Amino acid sequence: NYYDKIRIGKQEKLFHEIVVQIGNRDDMSAISENGQLAKELLTEYMQGFQERNPNLYVFSAHLHMDEDTPHLHVDYIPFTTGSSRGLDTRVSQKKALAAQGFQGGTASDSEASQWVQSEKEVLAEIMAKHDVIWLRKGTHEKHLSVLDFKKKGLAKLKVMV
């Protein structure tokens, strides 16, 4: 069946995830007043997500307030319709984003990178409405699993000792 084909195939993933965060533990700590503001901003961002992204079926969205900084996990299945071969509706991140107007070029300027930048701009607009300024530090790090995050923290401790 189609699910098994996607699950064992190498072309597409069963689902994708985007993690959205405002600030860091120094300026938007989850237990601070600013952390509560971040929670409100992330909630507002999520409320418009599905409307902005009609080709990304959101099946799970979770706001985490139990770690240093409030952050939002959005899990979605990208799909496209009107396929000329096989099933009419298919899983495809590239085609789903293309249907939403993102046309890729180079590897660094793909549909996905354009979409992420667009979502960042949406979040920046929401932040600006609430007088929160985005300091663009260019320090984006790839999201780590909990295990890798802990390993990274232990490695820092060993260096500091």
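This one's a predicted model, so the numbers in the text were calculated from it and none came from an experiment. Along the sequence shown, the residues carry numbers beginning at 1.
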Original post:
What distance do Ser29 atom OG and Asn34 atom CG have between them, rounded to the nearest 0.5 Å?
Top reply: 9.0 Å

**OP:** Consider only side-chain heavy atoms of I, L, V, M, F, W and Y, link residues closer than 4.5 Å, and tell whether Val58 and Phe102 are in one cluster.
**Re:** yes

**OP:** Would you confirm whether Gln93, through its side chain, and Lys13, through its main-chain N or O, come within 3.5 Å as a donor-acceptor pair?
**Re:** no

**OP:** Hey, could you give me the CG/NE2 distance between Leu97 and His16, rounded to the nearest 0.5 Å?
**Re:** 8.5 Å

**OP:** Using the side chain to side chain contact (heavy atoms under 4.5 Å, CB included) rule, take Val74 and Met46 through it: C-alpha gap first, then chi angles, then the decisive distance, then the call.
**Re:** CA-CA 8 Å; Val74 182; Met46 188 60 217; 3.6 Å; yes

**OP:** Take Tyr45 and Glu119 through the test side-chain hydrogen bond (donor to acceptor under 3.5 Å, both in side chains) and record every step on the way to the result.
**Re:** CA-CA 9 Å; Tyr45 166 83; Glu119 289 297 303; 2.6 Å; yes

**OP:** Test Ser92 against Lys94 for side chain to side chain contact (heavy atoms under 4.5 Å, CB included), laying out the working first.
**Re:** CA-CA 6 Å; Ser92 173; Lys94 182 179 179 76; 4.3 Å; yes

Original post:
Shortest non-hydrogen contact from Asn55 to Thr80?
Top reply: ND2-CA, 4.4 Å

Original post:
So how far is it from Asn53 CG to Ile18 CD1, rounded to the nearest 0.5 Å?
Top reply: 8.5 Å

**OP:** Report yes or no: do Gln36 and Glu40 form a side-chain donor-acceptor pair below 3.5 Å?
**Re:** no

**OP:** For Tyr57, look at atom OH and say whether over 12 heavy atoms of other residues, nucleotides or ligands are found less than 6.0 Å away.
**Re:** no

**OP:** Decide yes or no for Glu111 and Gln100: does some side-chain heavy atom of the first lie under 4.5 Å from some side-chain heavy atom of the second?
**Re:** no

Original post:
For Phe49 and Trp115, which heavy atoms make the closest approach, and how far apart are they?
Top reply: CZ-CZ2, 3.7 Å

Original post:
Closest heavy-atom contact between Glu67 and Ala30?
Top reply: O-CB, 3.2 Å

Subject >> Considering all heavy atoms, the nearest Leu72-Leu42 contact >> reply: CD2-O, 3.9 Å

**OP:** State which residues pass ring pair (Phe, Tyr, Trp, His ring centres under 6.0 Å) with His64; sequence neighbours excluded, sorted by chain then number.
**Re:** His71, His73

Original post:
Taking atom CD1 of Ile31 and atom CE of Met65, what is their separation to the nearest 0.5 Å?
Top reply: 10.0 Å

Original post:
Does the ring centre of Phe59 sit less than 6.0 Å away from the ring centre of Phe15?
Top reply: yes

**OP:** Any chance you could measure Leu123, atom CG, to Glu44, atom CD, to the nearest 0.5 Å?
**Re:** 9.5 Å

**OP:** Keeping the roles fixed (side chain from Gln114, backbone from Gln103), state whether a donor-acceptor pair exists under 3.5 Å.
**Re:** yes

Original post:
side chain to side chain contact (heavy atoms under 4.5 Å, CB included) between Ile77 and Val91: does it pass, once the steps are laid out?
Top reply: CA-CA 7 Å; Ile77 300 169; Val91 173; 4.1 Å; yes

**OP:** Kindly compute the distance separating OG1 (Thr69) from CD1 (Ile22), expressed to the nearest 0.5 Å.
**Re:** 10.5 Å

